[in-house]
Amino acid sequence: MDRVLVCSAWPYANGPIHVGHVTGSLLPADIFVRFNRLIGNDAIMVSGSDMHGAPITVSADKEKVSPEKVARRYHDLNSKAIEMLGISFDLFTHTHTKNHESVVSEVFLELQEKGHLKRMTTSQYYCGECDRFLPDRYVDGTCPHCESANARGDQCDVCGMDLDAKDLKDAHCQLCGCVPDLRDTEHIFLKLPDFTDSLKAYVESCRHWRPHVRSFTLNVLEEGLTDRPITRDISWGVPVPVDSYDTKRIYVWFEAVIGYLSATKEWAAASSDSTSWERFWKDSSCRSYYFLGKDNIVFHTIIWPAILTGIGGLNLPYDVVANQFMNLGGQKFSKSMGVSINIPDLLTKFQPDVIRYYLVANMPEFKDSEFSWDDFAQRTNSELVATYGNFVHRAMSFTYKNFHTIPSRGPLDDRDKAAMKRISDAGEAVARSLSKCEFREALRSLMDLAQFGNQYFDSVAPWTLVRSDKARCGTVLHVSLEMCKALAVFGCPFLPFSSERIWTDLGMEGSVEAAGWKGFEVPLKEGASLKKPVPLYAKVDMSAAGGFARYSMLNLRVGKILSVEPHPNADKLYVMKVDVGRPITIVSGLKDYYTAEELSGKTLIILTNLEPAKLRGVKSEGMLLAAEDAERLALLTPEKDLAPGTQISSGLEAADKQISYKEFQKLDMRVGVLAELSPPKIDIGGKAVGCEVAGGVAGEKYAALVLDDSALVMHGPDGVKIVFDRDIPAGARIR
RNA sequence: AGCGGGGUGGGGUAGCUUGGAAAUCCCAUCAGGCUCAUAACCUGAAGAUCGUUGGUUCAAAUCCAACCCCCGCUACCA
C-alpha cells in the first residue's frame, strides 16, 4: 500500500469557480485521489478557499460589506458546487481559520528562527485620501516604456512590460484618483536565494515531472532568485507574528501554500488521531501531488519547496502536475442554454458526470485547450451518450426485457474469453495512464472498452440468440453485463455518479468505492432481479433548449451593396449585387422607398442562408433585413462600419444550414427602444421587456430578437449593435 | 513588443520527450450491415506532400535553425 497526499490549488474566494478551476486542478486531483483510494492506497485530498488578498477587499469596498463576508459567500457557494460535482475532498477548508493562522505563524517563526527572513525598508505609494498603502496593481500612471497612459503599477497592458510602480509617471490612485505619495515602509522578506542550490538539486532529481513544469522551473532558477517580501500593508489577511507589525498582514502567496499543511492538520484534528497528519508529511515514503494551472507553477516548485526546506523535516512535493489553460474564448456564456461556464450555474443544467466527462476529454494537460459549447454538446452526445451510455443501456434493457434477472453464465467460447480478457486489459491500461496522471489517455482507454462492448454486442447478436438458444443468449448477456460492471469500476474516478448507479442497477452489493478496483472481478449475482433500466444520460440539445437558440438558425452578415438594377419583369423590385464576403444576388421590393442611388454603396444586414428563390424569374440568394410598419420602412445597418461578410451572430452560434422562408417568418424581430439600463429593458412597441445588451444608450433604437417576455439586442463582434437608417417607431416588425 | 500555446485529411484533435513501413480518435461525406438500444450501434471507403524553407540522419510529423501565420494573456486567473 502506498501513501499519497493529493493537493489541489486553492480557488480564490472572489467569485464562483468556473470550468478553468475544475479542469485545471480540482478535477484531475479528484480523479487521481479516487483512483488511489480504489487501488487501496492510503490517500487523502485537501484544499480550500483562498480567502485573503486585495481583490477581495476591493470587492468588499464596492459592496460596502466586510471582506470576510465576500469571501465567506463565495466559499460557501463554491464548497457546495465542489461537492455537487463529486470532488471528493477529505477536507475543503479555507484560509480564514484559527488553525491556518497558527500554522502560518509557526512556519513564519521557524523560518525567522533559522535565519531565512530579513527586514528591509522600501518605499511604497500611500494614498492619503484612501488612507492606505496601495498595492502596485492599484496604482495607475503612464508607462515609462511605451508612454501609454493607462499602465498599472505591476504591469503595462499595452506593452506588456512588468513594471515597478515607482517608475510610473503621473502616478495616481486607481481607487480614488488622487495623487499618492511615496512613503517608507518596512517589510519582511524571504531570502529565496538561500535555497537556490538545494532547489536546483531537487528539481533536477524530479525527472517524472511534466517536461514543461520542470524546464520552466529550472529556467527560473537559472535566471536567479531574489528576496521576496512576505508581508504587505493591508488589513485583510493573516496577522504577522512580530511586534510593531499589527498594521500589516502576511502576503497571500506566502500564506496560501502553507494551507496545504494547515489543512492536513485540520483534517487530522477532526479525525480520531490528531497526529495522523504526520504520516502524510513526515513519512518520506508518502508522495504528495499538487494539481494546479500553469500560472501557479513557481509557487509550487520554488516558493513552497523553499519554505519546506527552510523549516525542514517535511516532504517536498513529489509531483507538481500543472495543466495548461482551458481558454474560454468568447464562450463565457451560452445564450441558448442560458448558462454560464461557472460551475454553480452549469450544475443547474447538466449532470455532474456530463460536465466531468467533457472537462476530462478536453483537459489541457500538455497544451491549451478551447472550451466551446458546440464541442461540449458534440462530445457529450457522440461519446458519452452514444458510446458509453448507450452500451450500458442496450445491454441492461435487453437483459431486463428478456430475462428480468442476471442470466447465468454458461460455457464461454473464444469470443467471450477474448472479451473477458479485454476487460482486464482495459483496466490495466486505465490504471497505467492514471498512475502517470495522464487523464485524457486514461479516459480514452475507458471509452475504448465501451466501444468494444458495442462491437461485442453486435457480433454475438443476442436478439437472434434469444429465439434460437436462450441459454447461450444468457451467457453473452452475462458477459456484456460484466463489461458494464467493469466500465463502472474503471470509470469510477471519472464518472463516480454513473458508476455507482450502474453498480447498484446490476444488483451488486455495497458501492464501487467500497469494492475497489478489484471490484471488476467480483462475480455478478446470477438470478438477481433487475429494475427497468433508465438511460444514464440524456443528450445535450443546445438548439432546442429554448432561449434565443432558435435565432442561431440565422446566418446574418454585413453586406455592402455593389450595384442596383431595376428588375426586368417587375415594377416594385430591384435586383442588387451585394458583397457579403462573397458577391450574391438579392431581389428586393424597395422601389417604393429608395432610389437606386440611395441604395448603392449602402451597408446592410443580410440573411445569407435563406433558401434561394426565383422572384419573377430572377434568383435571389438572400434577403436584406428591414423594419416596416404601415407606411414606413427602414433598413438595418451596423452602428459602426463593419467589413462586408462580418457575422452578426448576437453572441449565438450561427448556423450554415439553409433555412426556408417559412422558418424565417416564425421568428419575431422588432425595433426596440432601450428604455432602462440597469436592469436593461427595451420597449418593443407598447411594452417594455427585459433584455440582454452590452453597452447601449438609453433612448436609442436597436434591432431586437424577441422571445416571449425577453429580448436580445442584435449585435456583431465587439458588441457593435444594429440600428436603422431612417426613423421608425418601436414595435415595427423586421423582415 | 513581451509571455505562453499552436499550425497534422473538410472541421476538431492524438502522436512529437525516447526519429523507423506515413498517422489516432470524434464529427461531417459516401457505401454497406443490424434492428437490442437515446435516429443508436457495427463494418468498410474516400480524403493529409503532418505551416514554409533549409539542416542533421541510412531514416524526421517527430531533432536543430530560420521564417510565415493563428490563438490566449484586456481576470469568472486554474
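Order of the sequence lines sets the chain letters (A, B, ...), proteins ahead of strands, with each chain counted from 1. Note that these values count all heavy atoms, side chains included, but never hydrogens, waters or copies made by symmetry.
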With heavy atoms under 4.0 Å as the rule, sort A/Phe457 into base, sugar-phosphate or nothing. base
Name the nucleic acid region contacted by A/Pro462, choosing base, sugar-phosphate or nothing; use a 4.0 angstrom heavy-atom cut-off, strictly under. nothing
Under a cut-off of 3.5 Å for both distances of each Watson-Crick or G-U pair, what dot-bracket string does RNA chain B give, using [ ] for crossing pairs and | for inter-strand pairs? .(((((((.[[[..)....(....]]].(((((.......))))).....[[[[[..)....]]]]])))))).....
Contact class for A/Asn454 vs. all strands (heavy atom < 4.0 Å): base, sugar-phosphate, or nothing? sugar-phosphate
Say we look at B/U52 and B/G6: how far apart would their C1' atoms be, to the nearest angstrom? 16 Å
Interatomic distance at P, B/A46 relative to B/U24, whole Å: 13 Å
Can you confirm whether A/Trp209 sits close enough to A/Thr301 that some side-chain heavy atom of one is under 4.5 Å from a side-chain heavy atom of the other? yes
Rounded to whole angstrom units, what separation is found between the CE atom of A/Met363 and the P atom of B/G5? 19 Å
Between A/Lys80 and A/Asp76, is there a salt bridge with N-O shorter than 4.0 Å? no
From CZ of A/Arg379 over to P of B/A28, roughly how many Å is that when rounded to an integer? 14 Å
Compare the ring of A/Trp463 with the six-membered ring in the base of B/C36 and state whether they stack (centres under 5.5 Å, planes under 30°). yes
Rounded to whole Å, the CE-P distance (A/Met483 to B/C36) equals 19 Å
Looking at every strand, decide which applies to A/Met396 at a 4.0 Å heavy-atom threshold: base, sugar-phosphate, or nothing. nothing
On a whole-Å scale, what distance lies between the C1' atoms belonging to B/G9 and B/A61? 14 Å
Lys/Arg cation over aromatic A/Tyr456: A/Arg415, 6.0 Å, 45° cone: no
Under 6.0 Å from the six-membered ring centre of A/Phe325 and within 45° of its axis: does the NZ or CZ of A/Lys367 meet both? no
Without decimals, in angstroms, what is the distance between A/His478 NE2 and B/C36 P? 23 Å
Geometric cation-pi criterion, A/Arg379 with A/Tyr358: 6.0 Å, 45°: no
Between A/Arg34 and A/Asp30, does at least one N-O distance fall below 4.0 Å, as a salt bridge requires? yes
Return the value, rounded to whole Å, for the distance between atom CZ of A/Arg73 and atom P of B/C76. 16 Å
Using a 4.0 Å heavy-atom cut-off across all strands, classify A/Asn323 as base, sugar-phosphate, or nothing. nothing
Are A/Arg472 and A/Asp413 within salt-bridge range, i.e. N to O under 4.0 Å? yes
Gap in Å between the two C1' atoms, one belonging to B/G11 and one to B/A28, rounded: 8 Å
Taking any heavy-atom pair under 4.0 Å as a contact, classify A/Phe391: base, sugar-phosphate, or nothing. nothing
